[in-house]
Protein chains: 2
Amino acid sequence: MNIDKSLLSGSNGMLILKLLEDGDKYGYQMIEELEKRSDHTFDMKAGTLYPLLHALEEKGWITAYDAMAAGRTRRYYQLTKEGKDALREKEESWDRYAKAVRLVLKGGASFG
Amino acid sequence: MNIDKSLLSGSNGMLILKLLEDGDKYGYQMIEELEKRSDHTFDMKAGTLYPLLHALEEKGWITAYDAMAAGRTRRYYQLTKEGKDALREKEESWDRYAKAVRLVLKGGASFG
DNA sequence: CACAATATATCGACCATCTATATATTTGTC
DNA sequence: GACAAATATATAGATGGTCGATATATTGTG
């Protein structure tokens, strides 16, 4: 693929960045919101999310801070400027990819 | 994800099966047609395609036969009944997945 | 008090894909 | 006729994303 392949398998990164557009969130909350917002299609695993959050942090796309809530320390994540830019690019890549898949699935004769 | 994850990263299998719906094809031809039909978005590598074809063959979704064409022996692949069923399932999974991504990207407030 | 739900985290494994490489034939060009 | 480019198939090694399993600690419920 000549389009960002890390998105195609790794669309989870895009989805997490998207969630953070609405405001800071902690890990467990993201799993729940992703499930709700996807109409119960997505069920991201903790074993997927936390390594992903750390990877996004290393890229400088999100930053983390600890805060007390409900008598418990929670680790909140915030979208950075760079994260917003990355999100925009990933959304564009996704649109292109989804459109291309639709073209192939619509299929029939050859194009060109 | 509670939907067929092998599709999400591995949408290539679905796309190949789809191409074969139109008729038998050989490997190199599939790479070219995929590029044309996707409006030059997809550029599948030979190192991706051939292992994939062998995997699809092992699953019984396609069968292979050799034929002469242009003074050269080519290995053609044909979609089986099981392959057609698998394709239908993968298309449904793709629709669900793409719809869920759209929901998240449309985003904004929380859903129920 | 036990148990489920909440909350974060790491590890080992698997699988899809890529790059690089190998090999052979056909077509086009000088 | 020689050579390069395109055609055609194939495998090996590496990378990267995701999962299941596991660990740990707290909060709410019966």
Side-chain angles (χ1 to χ4, degrees), chain A residues 1-17 24-36 41-59 61-62 64-77 90 93-94 97 101, chain B residues 1-17 24-36 41-59 61-62 64-77 90 93-94 97 101:
Chain A
M1 310 291 150
N2 52 14
I3 61 175
D4 182 8
K5 74 164 183 260
S6 70
L7 167 75
L8 312 181
S9 42
S11 50
N12 281 336
M14 172 181 71
L15 299 175
I16 291 304
L17 293 176
D24 303 358
K25 292 181 172 57
Y26 57 96
Y28 197 84
Q29 184 185 8
M30 297 182 207
I31 291 175
E32 290 184 313
E33 291 215 0
L34 202 51
E35 205 217 330
K36 280 181 198 159
T41 302
F42 296 144
D43 174 29
M44 193 182 284
K45 309 300 178 191
T48 300
L49 178 65
Y50 292 105
L52 175 56
L53 288 173
H54 302 155
L56 295 174
E57 202 182 354
E58 253 185 72
K59 285 179 181 163
W61 293 349
I62 60 177
Y65 61 92
D66 293 316
M68 284 297 282
R72 180 198 293 253
T73 306
R74 283 174 180 157
R75 192 151 189 78
Y76 283 85
Y77 291 90
K90 280 173 182 295
S93 275
W94 168 259
Y97 179 73
V101 170
Chain B
M1 310 290 150
N2 52 16
I3 62 174
D4 184 9
K5 74 160 183 266
S6 70
L7 167 75
L8 311 181
S9 42
S11 50
N12 282 338
M14 173 181 69
L15 298 175
I16 292 303
L17 293 176
D24 303 358
K25 292 180 173 56
Y26 57 95
Y28 197 83
Q29 184 183 10
M30 296 182 209
I31 292 176
E32 290 185 314
E33 291 214 1
L34 202 50
E35 206 216 332
K36 280 183 199 161
T41 303
F42 296 144
D43 174 30
M44 193 181 285
K45 310 299 177 191
T48 300
L49 178 65
Y50 292 104
L52 174 57
L53 287 174
H54 303 156
L56 294 175
E57 202 182 354
E58 251 184 73
K59 283 177 181 162
W61 293 349
I62 60 178
Y65 61 92
D66 293 315
M68 284 297 282
R72 180 199 292 252
T73 304
R74 283 172 179 158
R75 191 151 190 78
Y76 284 85
Y77 291 89
K90 280 174 182 296
S93 276
W94 167 260
Y97 180 72
V101 170

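The figures here come from the full heavy-atom set of this structure, side chains too, leaving out hydrogens, waters and symmetry mates.
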Item to complete: Report the C-alpha separation of K25(B) and I16(B) in whole Å, then their side-chain angles, then the decisive distance to 0.1 Å, and conclude whether the side chain to side chain contact (heavy atoms under 4.5 Å, CB included) test is met.
Response: CA-CA 10 Å; K25(B) 292 180 173 56; I16(B) 292 303; over 6 Å; no

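Comparing dT18(D), dT8(C), dC18(C) against the side chain of T48(A) picks out dT18(D) as the nearest. The side chain of P51(A) has dT10(C) as its nearest neighbour among dT7(D), dA10(D), dT10(C). Taking every side-chain heavy atom of Y26(B) into account, dA8(D) is the closest of dT8(C), dA8(D), dG20(D).
Between Y77(B) and Y65(B), the ring centre distance reaches or exceeds 6.0 Å.
Nearest approach of L53(B) to I62(B), heavy atoms of both residues: O-CD1, 3.5 Å. Scanning both residues, I31(B) and M44(B), for their nearest heavy atoms gives CG2-O, 3.5 Å.
Scanning for side-chain contact (heavy atoms from CB on, under 4.5 Å) contacts around A55(A) gives an empty result, with sequence neighbours left out. Under the rule for a ring pair (Phe, Tyr, Trp, His ring centres under 6.0 Å), the partners of Y26(B) that lie at least two apart in sequence or sit in another chain are Y76(B).
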Between the protein and nucleotides 25-28 of chain C, are there any N/O to N/O pairs under 3.5 Å, and if so, what are the atom names and distances?
residue, atom, partner, partner atom, Å
dT25(C), O2, R72(B), NH2, 3.0
dT26(C), OP1, G71(B), O, 2.5
dT26(C), O4', R72(B), NH2, 3.1

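Residue contacts shown for G27(A) are limited to sugar-phosphate atoms, with no base heavy atom under 4.0 Å away.
When the P atom of dT8(C) is taken as reference, atom CG of D66(A) falls 9 Å away, rounded to whole Å. In this entry the distance linking CE of M44(A) with C1' of dG17(D) reads 11 Å, nearest Å. Going from atom CE of M30(B) over to atom P of dT7(D) covers 16 Å, rounded to whole Å. The separation between Y77(A) atom OH and dA9(C) atom P is 5 Å, rounded to whole Å. Distance F42(B) CZ to dC18(C) P: 11 Å, rounded to the nearest Å. Between R75(A) atom CZ and dT24(D) atom C1' the separation is 17 Å, expressed in whole Å. The nearest whole Å value for the distance from the OH atom in Y97(B) to the C1' atom in dT18(D) is 11 Å. As a whole-Å value, the separation of Y50(B) OH from dT21(C) C1' is 15 Å.
Residue H54(A) places no side-chain N or O under 4.0 Å from the OP1 or OP2 atom of dT8(C). Remark: N12(A) is not in phosphate contact with dG17(D), judged by side-chain N or O atoms under 4.0 Å from OP1 or OP2.
Between the CG atom in N12(B) and the NZ atom in K45(B) there is a gap of 11.5 Å [rounded to 0.5 Å].
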